[in-house]
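Remember, predicted model here, so these are calculated numbers, not experimental data.
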Amino acid sequence: QVQLVESGGGLVQPGDSLRLSCAASGGTLSSSFMGWFRQAPGKEREFVATINWGGSIAYYADPVKGRFTISRDNAKNTVYLQMNGLKPEDTAIYYCAVRQDLSQRYSDARGYTRWGQGTQVTVSS
């Protein structure tokens with residue numbers, strides 16, 4: 001099975017940038033999307049971005065469009081989330097996940113079958 005490990009979170013000020021990494025091991029991710037979700041305290045988990053393994057298709061949630069960029073490096077079996085212009089409302093635990101249930105929408109967490117442990121992002125002045 002595939003294991004996912006997120007890293008790169010931290011405490012930053014509004015307007016700062018962070019790059020999150022999601023390293024996959026224990027298997028291949030061929031023919032699958034990799035996605036990022038986030039969950040703030042007391043709120044539902046929400047979709048952030050997703051990308052196909054070939055890197056030709058990417059989708060973003062409206063609140064992060066123009067600020068976040070999802071990318072991948074197949075040689076390192078790693079997916080990234082570059083976050084620029086961070087805002088306090090971006091504060092959340094960020095999770096990466098593998099999408100394998102294609103009957104669900106790309107933004108629906110129910111379609112993602114493997115999840116990492118999450119990395120904390122805190123944006124505060």
Handout entry: Heavy atoms from other residues, nucleotides or ligands near CD of E89 exceed 12 (cutoff 6.0 Å)
Key = yes
Problem - Nearest heavy atoms of W115 and A109, plus distance in Å - result: CZ2-O, 3.6 Å
Completion exercise
Between the CE atom in M83 and the CG atom in L20, the distance rounded to the nearest 0.5 Å is 3.5 Å
Practice task
Show your reasoning for whether side-chain contact (heavy atoms from CB on, under 4.5 Å) applies to D108 and F47.
Solution key: CA-CA 7 Å; D108 193 330; F47 167 76; over 6 Å; no
Exercise for the section: Over 60° means perpendicular and under 30° means parallel, so classify the ring planes of F33 and Y59, tilted if in between. Expected result: parallel
Handout entry: Distance (rounded to the nearest 0.5 Å) between M34 CE and N77 CG
Key = 8.0 Å
Exercise for the section: Quickly, which of E6, R38, Q39 forms a side-chain hydrogen bond (donor to acceptor under 3.5 Å, both in side chains) with Y94? Name it, please. Expected result: R38
Exercise for the section: Give the C-alpha distance, both sets of side-chain angles, the deciding distance and a yes or no for side-chain contact (heavy atoms from CB on, under 4.5 Å) between Y112 and T50. Expected result: CA-CA 11 Å; Y112 293 76; T50 193; 2.9 Å; yes
Practice task
Taking only Lys NZ, Arg NE, NH1 and NH2, and the carboxylate oxygens of Asp or Glu, determine whether K87 and D90 approach each other closer than 4.0 Å.
Solution key: no
Handout entry: For the student: nearest non-hydrogen atoms of L18 and G8, plus distance
Key = CD2-O, 3.6 Å
Completion exercise
Smallest heavy-atom separation, S125 atom then P14 atom, equals N-CD, 3.7 Å
Exercise for the section: Could you tell me which non-hydrogen atom of V2 sits nearest to which non-hydrogen atom of A24, and how far apart they are? Expected result: CG1-CB, 4.0 Å
Problem - Side chain proximity check, I51 to Y106, heavy atoms < 4.5 angstrom - result: no
Fill in the blank from the handout: Smallest heavy-atom separation, A40 atom then A92 atom, equals N-CB, 3.8 Å
Practice task
Give, for atom CD of Q3 and atom CZ of R114, the distance between the pair rounded to the nearest 0.5 Å.
Solution key: 8.0 Å
Exercise for the section: Hey, could you give me the OG1/NZ distance between T91 and K43, rounded to the nearest 0.5 Å? Expected result: 9.5 Å
Handout entry: Side chain T119, main chain G9, donor-acceptor under 3.5 Å
Key = yes
Exercise for the section: Give a yes or no answer on whether the side chain of T78 reaches the backbone of K76 with a donor-acceptor pair at less than 3.5 Å. Expected result: yes
Practice task
Give, for atom CZ of F37 and atom CD1 of I93, the distance between the pair rounded to the nearest 0.5 Å.
Solution key: 15.0 Å
Completion exercise
Nearest heavy-atom approach of N84 to S17 is OD1-OG, 2.9 Å
Exercise for the section: Calculate, to the nearest 0.5 Å, the distance between atoms CZ and SG belonging to R72 and C22 respectively. Expected result: 14.5 Å
Practice task
Please examine the side chains of V123 and D16, heavy atoms only from C-beta on, and report whether any two atoms are closer than 4.5 Å.
Solution key: no
Practice task
Validate the cation-pi geometry between R19 and Y80: distance from NZ or CZ to the six-membered ring centre under 6.0 Å, angle to the ring axis within 45°.
Solution key: yes
